[in-house]
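All figures in this text were calculated on a predicted structure; none of them were measured in a lab.
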Amino acid sequence: MVVTNEQLADIFEKMATLLEIKGDSVFKIRAYRRAGRTIENLSVSLENCVRDKEDLKQIPGIGKAINDKIYEYVETGRISVYDKLVEELPQGILTLMTVPSIGPKTAVLISNELDVTSLEELEQAILDNQLAGVNGIGKKTSENILRNLQELRTKDRRTPIAVALPLAESIIRRLESACEEPVNLYPVGSLRRWEETIGDIDIVCISSNPSSVSKAIVGFEEVSDVLVQGDKKTSVVLESGIQLDLRVADSKSLGSMLQYFTGSQQHNIRLREYANRKGLSVNEYGITNDSTGTLETFADEESFYNRLGLQYVPPELRVGINEISMAEKYILPQLIQENDLNGDLHIHTDWSDGRDSMEEMIKTAVELGYEYMAITDHSAGLGVAHGLSIDRLETHINNLHELQEKFAIRILCGSEVDIRADGSLDYPDEILDKLDVVVASVHSAMGQDSDKMTHRLIRAMNHKSVTMIGHLSTRIIGHRPSITFDMEQILLAAKSSGTALEINASPERLDLKDTHANLAKEFGIPLVLNTDSHNVDGFHNRRYGIAVARRAWCEPRHVLNTLPLSRFIEYVSAPKPERNEIFVANWPGVD
DNA sequence: GCCGTTTTCGGCCCGACTGTTTTCAGTCG
């Protein structure tokens, strides 16, 4: 049986909920929940750790009890304590709690009074007027539950960041122009932490007339429902099903507000625990000295963190694992930024399935200030993408050489070459030898079992012409799951063969994902941040790829295409086994 | 259940809003 971290995270999250229903200690519940979140964000596979007999207690938030339960689950596929909890609690109670506004207390109440075990039965019971009137539940609560229940069915729980971010940006622009008084709006929450999917759009607002902002948002055409409208907080649901929370702040405490609403919740809990140990209490308004009772406010986040004796923690790192203890020692990484990139090495044109011409794509790369780029149209095997036959590829290469004369950017000849089912490449060696950059990717036979897929990928990596593996997992967020393979073997092979791994910034891919990119970085494998652009707008997706790299704790030195041109050329010109050494040597003075 | 430069026991983040309550419990983030 394969055990994924997601399964383990899910089971501990469920356990926390079951204990909540049972009315167990809130601290025990919090410990399980925290363990679940930690496991979710882990880059190593716990299954592998168990097989290697590693001590999981060194992971923050995992002690003896949870360590043993993870071992039990990996070894037997069950956790007996969990099974017992499920058995002793009413059937279907976890399902009831998936409805917003139904917490543990309400779930127990509904379960006891109405004898329902599914959402369909609950809906019917409410429609039959059985819920309103049950102790503590009035007409309004009953209506709320019904509405939340029905909404749950129609909307996806989380929205991809590439949908949520442009939407938030547009709302912010429109709110700014809709208000008469000057207003400052800041996206916070999972959006600001650049998570790959977003729960709600959270915005912090500063204005001399906050109620006018609240009024403006409620009046927007696409608002389908108003959930909360108070002095400090307004929540609405948009037609798309996305919830938007607006929170009013005072400019003198903006730093604390941004910090608090950026989260993550887990980070904030850790931060407040840390502050408590120093005799300070933290809330969204500032920091209170426990002995004097005086509240100190902060106009920006940096001074807020510094007051606590901490280095500023970039939002992408605020996950609540070990960033606070590292900030305490001032050893957080200097994360990569968009302008660190000097090139893009995965670009399609209208020669294969791209929309824009080579000239247009090159011009855009020049405008971005890049020193180099690789044009990498598809290989012949990918018929649907109008892949290039050998003859067309040779013409393509000649055309690129001619174009090179006209542009002040180094244009590398490349290809995104299909990795066939057996791990061979879609072009013969003679033509691959003529290319500067080869992105090898899986586009077919994605259902292979883990062994077969692992061997297939390793065979491709061992090819002397393959510069990097493109979008390793091939997942499409929300549509297609990752292919299955043994990550550790892939990383070992990438390292020994001198093959780089791509972070594909295309927002529906984000592949490698953050935890895998982090693992690759730890293995010392060069990462390449590519947009996989199919038109000129595609280049701007690099911000999503940068977010993945930042969430993976990457500095510029971990990413190959931050190298200046001469050093990058030195890297790709060297035989593969020598490349890792060159990559490391090209960043002198860092360990 | 986890954790510790005060601790191996005794702590454990903090506030806004709603609905149904006449003072607060439940939920959410």
Side-chain angles (χ1 to χ4, degrees), chain A residues 12 15-17 19-21 23-38 56-70 81 96-110 132-145 148 188-191 193 198-202 204 214 226-235 243-249 253 256-257 259-288 290 295 308-309 320 324-325 328-329:
Chain A
F12 285 119
M15 242 166 111
T17 307
L19 291 169
E20 220 173 359
I21 293 163
D24 213 312
S25 147
V26 290
F27 302 111
K28 191 165 158 184
I29 292 161
R30 185 182 300 163
Y32 275 114
R33 200 149 270 152
R34 181 180 166 200
R37 300 258 166 85
T38 301
L56 309 176
K57 294 198 288 293
Q58 48 193 303
I59 302 169
I62 294 182
K64 182 175 186 316
I66 291 179
N67 171 81
D68 293 353
K69 286 186 180 68
I70 294 170
V81 181
L96 296 181
M97 278 188 66
T98 59
V99 180
S101 75
I102 298 186
K105 299 286 194 290
T106 314
V108 169
L109 187 66
I110 290 174
V134 170
N135 22 341
I137 296 185
K139 187 155 166 280
K140 276 211 159 165
T141 304
S142 166
E143 282 169 5
N144 265 342
I145 291 176
N148 291 335
V188 288
S190 47
L191 209 50
R193 301 197 308 277
I198 304 303
D200 305 324
I201 293 176
D202 296 308
V204 161
S214 168
V226 180
L227 301 176
V228 173
Q229 198 175 4
D231 288 345
K232 299 184 168 171
K233 189 183 164 179
T234 303
S235 291
Q243 185 174 323
L244 188 147
D245 296 333
L246 186 80
R247 185 54 201 251
V248 174
S253 56
S256 295
M257 277 284 172
Q259 194 287 317
Y260 174 68
F261 286 104
T262 297
S264 66
Q265 195 174 20
Q266 212 56 39
H267 174 79
N268 285 356
I269 290 174
R270 303 298 305 281
L271 190 75
R272 289 170 184 209
E273 284 170 355
Y274 166 85
N276 283 351
R277 289 199 292 275
K278 300 197 146 203
L280 302 166
S281 346
V282 168
N283 65 17
E284 60 262 55
Y285 301 107
I287 299 176
T288 307
D290 292 343
L295 176 78
L308 292 171
I324 290 173
S325 59
E328 198 179 355
K329 299 178 197 132

Closest listed nucleotide, where the reference is the side chain of [X] and the choices are [options]:
X       : options                   : result
N283(A) : dC14(B), dC2(B), dT20(B)  : dC14(B)
A31(A)  : dT27(B), dG1(B), dC28(B)  : dG1(B)
E273(A) : dC12(B), dC28(B), dC14(B) : dC12(B)
V228(A) : dC14(B), dG19(B), dT18(B) : dT18(B)
E284(A) : dG15(B), dG29(B), dC2(B)  : dG15(B)
D200(A) : dG29(B), dG15(B), dT20(B) : dG29(B)
K140(A) : dC14(B), dG1(B), dG19(B)  : dG19(B)
R247(A) : dG26(B), dG1(B), dA16(B)  : dA16(B)
K69(A)  : dC14(B), dG1(B), dG19(B)  : dG1(B)
K233(A) : dT20(B), dC14(B), dA16(B) : dA16(B)

In whole Å, measure the gap between the [atom1] atoms of [N] and [M] for me.
N       : M       : atom1 : value
dT6(B)  : dG11(B) : C1'   : 13 Å
dC9(B)  : dC14(B) : P     : 26 Å
dC2(B)  : dT7(B)  : C1'   : 14 Å
dT21(B) : dT27(B) : C1'   : 16 Å
dT20(B) : dA25(B) : C1'   : 9 Å
dT23(B) : dC17(B) : C1'   : 16 Å
dG1(B)  : dT5(B)  : P     : 23 Å
dG26(B) : dT22(B) : P     : 14 Å

Scan [X] against the nucleic acid and name what it touches under 4.0 Å (heavy atoms): base, sugar-phosphate only, or nothing.
X       : answer
I66(A)  : sugar-phosphate
V26(A)  : nothing
D202(A) : nothing
N144(A) : sugar-phosphate
T106(A) : sugar-phosphate
Q229(A) : sugar-phosphate
I29(A)  : nothing

Can you see which heavy atom on E20(A) is nearest to which on I29(A), and at what distance?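 Here E20(A) and I29(A) meet closest at CA-CD1, 3.5 Å.
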For V99(A) against I145(A), the heavy-atom pair lying closest together: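 Between these two residues, the closest heavy atoms are CG1-O, 4.1 Å.
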[N] [atom2] sits how many Å from [X] [atom1], rounded?
X       : N       : atom1 : atom2 : value
I145(A) : dT27(B) : CD1   : P     : 9 Å
K278(A) : dT6(B)  : NZ    : P     : 10 Å
L109(A) : dA25(B) : CG    : P     : 16 Å
F27(A)  : dC2(B)  : CZ    : C1'   : 12 Å
Y274(A) : dC12(B) : OH    : C1'   : 18 Å
K105(A) : dC28(B) : NZ    : C1'   : 14 Å
E20(A)  : dG26(B) : CD    : P     : 12 Å
Q265(A) : dA16(B) : CD    : P     : 16 Å

Between R277(A) and S281(A), just flag the one whose closest nucleotide in DNA chain B comes earlier from the 5' side.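 Looking at the nearest nucleotide for each, R277(A) comes out on the 5' side.
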Could you check R34(A) against G103(A) and say which one's nearest nucleotide on DNA chain B is further toward the 5' end?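 With R34(A) and G103(A) compared, the 5'-side residue is R34(A).
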Is any side-chain heavy atom of R33(A) closer than 4.5 Å to a side-chain heavy atom of T17(A)?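 Side-chain contact under 4.5 Å: yes.
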Could you tell me whether the side chain of H267(A) reaches within less than 4.5 Å of the side chain of S264(A), counting heavy atoms only?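 Counting from C-beta outward, S264(A) and H267(A) do come under 4.5 Å.
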Can you tell me if the side-chain N/O atoms of [X] get under 4.0 Å from OP1 or OP2 in [N]?
X       : N       : result
Y285(A) : dA16(B) : yes
K232(A) : dA16(B) : yes
T141(A) : dT20(B) : yes
N148(A) : dT27(B) : no
S101(A) : dC28(B) : no
N268(A) : dC14(B) : no

N148(A)-S101(A) side chain donor-acceptor pair, cut-off 3.5 Å: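 There is such a pair between these side chains.
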Does a donor on one side chain and an acceptor on the other come within less than 3.5 Å for D290(A) and S281(A)?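 Side-chain D/A pair, D290(A) to S281(A): present.
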Could you check whether any side-chain N or O of D245(A) sits under 3.5 Å from a backbone N or O of D202(A), counting only pairs where one atom can act as donor and the other as acceptor?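 Flag not set: sc D245(A) to bb D202(A) has no pair under 3.5 Å.
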Determine which nucleotide pairs with dT8(B), using a 3.5 Å limit on both distances of a Watson-Crick or G-U wobble pair.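 Pair assignment: dT8(B) / none.
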Interatomic distance, E273(A) atom CD to I324(A) atom CD1 [nearest 0.5 angstrom]: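 It comes to 8.5 Å.
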Polar pair under 3.5 Å, donor/acceptor by atom type, side chain Y260(A), base dG29(B):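 Yes, the side chain and the base share a sub-3.5 Å donor-acceptor pair.
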Applying side-chain hydrogen bond (donor to acceptor under 3.5 Å, both in side chains), run through Y32(A) and K28(A) and close with a yes or a no. CA-CA 6 Å; Y32(A) 275 114; K28(A) 191 165 158 184; 5.9 Å; no
